[in-house]
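The structure under discussion appears below in the form of structure tokens.
Atoms within each ligand, like the ligands themselves, are counted from 1 in listed order.
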Amino acid sequence: MQRVIASGRYTMGENVRRFEEAFREKFGVKHAFMVSSGSAANLVGIAALFYVKDRPLRRGDEVIVPAVAWATTYYPLQQYGLRLKFLDCELDTLNMDLSRLEEALTPRTRMVVAVSILGNPCALDKLRAFCDRHGLYLFEDNCESLGASLNGKLAGTFGDIGTFSTFFSHHISTMEGGMVVTGNTEIYHVAKSIRAHGWTRDLPPDTKAYERRDDEFFEAYRFILPGYNTRPLELSGAVGVEQLKKLESMIETRRRNAALFQKLFARDARFIIQRENDRRSWFCFTIVLSPDRAIDRARVMAALKAADIDFRVITGGNFLRHDVIRYFDYERVGEIKNADIVHDRGFFVGNHPHDLTPQIERLREVLDAAAR
Ligand SMILES: Cc1ncc(COP(=O)(O)O)c(C=O)c1O
């Protein structure tokens with residue numbers, strides 16, 4: 001950070017490029033580019049799908065989404081006029097329940113949004129196969145699951161587009177920041193233009209996204225798409241390069257903490273903890289108070305607060321329960337039952353890339369007493 005400050009160059013430059021290159025290599029993807037946040041990654045990614053020449057999305061197209069995800073997973077879908085079809089989540093993995101996936105499909109369906117909740121890979125292989133079978137885009141919002149993998153393949157690399165967040169509470173932190181990955185060069189070029197003003201400046205001369213003229217003066221400020229400014233900072237890029245080097249060891253520590261959490265909570269029927277789907281990167285420890293027991297969540301929350309243990313709602317809970325839903329064009333596919341249970345009876349406590357043995361033992365004590 002000191003080196004960046006001394007350099008005098010603060011916005012998107014060499015350090016961001018180095019982070020992008022390291023990320024591209026680590027994830028084994030063709031293209032990766034950094035933006036100012038995970039939300040910006042989702043926005044730019046969705047926008048790009050409207051401006052590609054090959055199979056663009058159109059307003060009114062339908063997209064299948066899980067009922068539990070983050071608010072800014074959904075906002076770009078609303079902002080670009082898509083119609084959302086909500087599927088319930090599974091109570092154990094907290095990821096989208098695929099049992100009604102076929103039912104959600106109509107001739108207007110164009111895309112599925114996959115969200116791996118809090119470090120736990122969703123059924124990315126099944127969703128990829130479903131999308132391939134029906135000619136749909138798979139948009140992978142992987143902002144909560146950096147470093148998780150399914151069948152040896154990293155989460156975030158199954159989609160036509162994958163997005164990541166490096167916000168300060170996530171697996172790696174660049175203070176604020178996000179990344180978009182894709183194997184599709186047209187999507188990459190369109191999205192890169194949309195990242196910064198919709199201009200052509202950041203595109204290579206041989207791009208197929210537009211036709212370049214032999215006029216440097218004109219090309220320096222040539223606007224081709226209705227874009228944004230979602231440029232990342234050099235400080236974030238520089239921090240990202242160092243953070244990425246530590247990713248594996250930080251996840252190992254998170255997984256060791258998780259092993260203790262599982263040992264202490266797995267066999268207690270009062271608490272439903274997240275069932276791991278292959279290799280989790282353990283963002284945090286989720287607990288849903290069993291709907292079969294009369295345990296009052298408010299009492300449990302009060303006990304945690306009194307013990308100075310911080311907690312959060314599981315991702316955003318059931319998104320359909322938030323006021324903002326009134327602005328959406330949407331439909332439920334089947335009953336949204338488990339997402340309501342998660343909304344009303346769930347919470348999470350943070351994990352961290354340090355040994356949390358005493359904290360997790362204390363969590364067990366406090367919850368055990370509060371849920372008696
Ligand atoms: C699933 C999901 N998508 C997107 C985001 C947005 O990321 P950011 O906070 O970097 O904008 C989050 C944030 O936690 C998230 O959980």
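- For ligand 1, the atoms closer than 4.0 angstrom to any heavy atom of Asn42 are 3 (N), 4 (C).
- Between Gly177, Ser116, Cys143, it is Cys143 that holds the heavy atom closest to atom 4 (C) of ligand 1.
- Ligand 1 places these atoms under 4.0 Å from at least one heavy atom of Glu144: 1 (C), 15 (C), 16 (O).
- The protein heavy atom nearest to atom 6 (C) of ligand 1 is Ser39 OG, 3.3 Å.
- Both cation-pi conditions hold for Arg55 and Tyr137: the charged atom is under 6.0 angstrom from the six-membered ring centre and inside a 45 degree cone around its axis.
- Residue-ligand proximity, Ser165 to ligand 1, at heavy-atom distances under 4.0 Å covers atoms 7 (O), 8 (P), 10 (O).
- Taking every non-hydrogen atom of Thr73 and a distance limit under 4.0 Å, the qualifying atoms of ligand 1 come out as 1 (C), 3 (N).
- Between the side chains of Thr174 and Thr166, at least one donor-acceptor pair of N or O atoms lies under 3.5 Å.
- Between Glu20 and Arg17, no side-chain nitrogen of the basic residue sits less than 4.0 Å from a carboxylate oxygen of the acidic one, so the salt-bridge criterion is not met.
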ask   = salt bridge (charged side-chain N to carboxylate O under 4.0 Å, His left out) between Lys305 and Asp310: does it pass, once the steps are laid out?
value = CA-CA 7 Å; Lys305 213 164 174 184; Asp310 210 350; over 6 Å; no
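- Between Tyr74 and Phe319, a ring centre-to-centre spacing shorter than 6.0 Å is recorded.
- In this structure, atom 3 (N) of ligand 1 lies nearest to the protein heavy atom Asp141 OD2, 2.7 Å.
- The shortest N/O to N/O separation between Val115 and ligand 1 does not fall below 3.5 Å.
- Taking the ring centre of Tyr221 as origin, the terminal cationic atom of Arg201 falls inside the region bounded by 6.0 Å and 45° from the ring axis.
- In this structure, Phe23 has its ring center under 6.0 Å from that of Phe164.
- Ligand-side atoms of ligand 1 in range of Thr72: 4 (C), 5 (C), 6 (C), range being under 4.0 angstrom from any heavy atom.
- For atom 9 (O) of ligand 1, the choice among Phe283, Phe167, Tyr74 with the nearest heavy atom turns out to be Phe167.
- Protein heavy atom closest to atom 12 (C) of ligand 1, with residue, atom name and distance, is Trp70 CD1, 3.4 Å.
- For His197 and Phe223, the gap between ring centers reaches or exceeds 6.0 Å.
- Listed by atom number, the atoms of ligand 1 under 4.0 Å from His170 heavy atoms are 13 (C), 14 (O).
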